[in-house]
Visitor: 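Got a structure here, written out as structure tokens. Questions coming.
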Amino acid sequence: MNQNIFEENAIFKNMHPVKIKVMKELAQKMEGRSMKDAAPLLMEAVNELQRNNLSFTPQESAMLIEILSKDMSPQEKARVEMMKNIMRKKR
């Protein structure tokens, strides 16, 4: 996992430390895995945030998706984009 993204991106400068920890752990656990493996890991991350009365903002969620999809194949990235578009329409 590229730690630089957490140090270089401004979004992390003001993010709650627990959110950063959860995001880093999720990125680490997802490294080398496909998005098929993501659902249980994402649920685990969301549950940890909820235990701390936290949730990701839309901007933080977008950053998380960017981090998780950086090493994906073009086909997987297309599926992620499709899911993002569906989620946007439901808002």
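FYI, side chains are in, hydrogens and waters are out, and symmetry mates aren't considered; it's all heavy atoms of this structure. This structure is a prediction, so every number in the text was calculated from the model and none was measured.
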Visitor: Which atom names give the shortest non-hydrogen contact between I5 and E66, and what distance separates them?
Guide: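 So the minimum-distance heavy-atom pair works out to CD1-OE2, 4.4 Å.
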
Visitor: Does a side-chain heavy-atom distance below 4.5 Å link E25 with E44?
Guide: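 No, their side chains stay 4.5 Å or more apart.
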
Visitor: Measure the spacing between CD of E31 and CG of L68 and express it to the nearest 0.5 Å.
Guide: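 That separation rounds to 10.5 Å.
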
Visitor: Rounded at 0.5 Å granularity, tell me how far CD1 in I67 sits from CG in L26.
Guide: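 It comes to 9.0 Å.
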
Visitor: Would L41 and R33 count as a side chain to side chain contact (heavy atoms under 4.5 Å, CB included) if you check the C-alpha gap in whole Å, the side-chain angles of each, and the deciding distance to 0.1 Å?
Guide: CA-CA 11 Å; L41 296 174; R33 295 181 178 203; 3.6 Å; yes

Visitor: To the nearest 0.5 Å, what is the distance between CD1 on I11 and CD on E60?
Guide: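 So the CD1 of I11 and the CD of E60 are separated by 5.5 Å.
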
Visitor: Check whether S73 reaches the backbone of E76 with its side chain - one donor and one acceptor, N or O, closer than 3.5 Å.
Guide: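 Such a contact is found between S73 side chain and E76 backbone.
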
Visitor: Checking F12 now: which residues fulfil ring pair (Phe, Tyr, Trp, His ring centres under 6.0 Å) with it, not counting sequence neighbours?
Guide: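 Ring pair (Phe, Tyr, Trp, His ring centres under 6.0 Å) list for F12, sorted by chain: F6.
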
Visitor: Can you check side chain to side chain contact (heavy atoms under 4.5 Å, CB included) on Q75 and R79, steps first, answer last?
Guide: CA-CA 6 Å; Q75 295 85 359; R79 279 189 230 122; 4.1 Å; yes

Visitor: Determine yes or no for a side-chain-to-main-chain donor-acceptor pair under 3.5 angstrom, with K19 supplying the side chain and F56 the backbone.
Guide: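 No, K19 side chain to F56 backbone: no donor-acceptor pair under 3.5 Å.
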
Visitor: Quick check on the hydrophobic clustering: are V46 and V22 connected, directly or via other members, by side-chain heavy-atom contacts under 4.5 Å?
Guide: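 No, separate clusters.
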
Visitor: Where is the tightest heavy-atom contact between K77 and M72, given as atom of each residue plus distance?
Guide: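 Looking at all heavy atoms of both residues, the closest pair is CE-O, 3.5 Å.
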
Visitor: Looking at CE of M30 and NZ of K70, how far apart are the two atoms once the value is rounded to the nearest 0.5 Å?
Guide: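 Atom-to-atom, M30:CE and K70:NZ are 10.5 Å apart.
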
Visitor: Going through the checks in order, is the side chain to side chain contact (heavy atoms under 4.5 Å, CB included) test met by M23 and I20?
Guide: CA-CA 5 Å; M23 199 176 282; I20 295 172; 5.8 Å; no

Visitor: Report, one line per pair, each donor and acceptor closer than 3.5 Å where one atom sits in a side chain of residues 47-54; sequence neighbours left out.
Guide:
from: N47; atom 1: ND2; to: M43; atom 2: O; distance (Å): 3.2
from: E48; atom 1: OE2; to: K21; atom 2: NZ; distance (Å): 2.7
from: N52; atom 1: ND2; to: E48; atom 2: O; distance (Å): 2.9

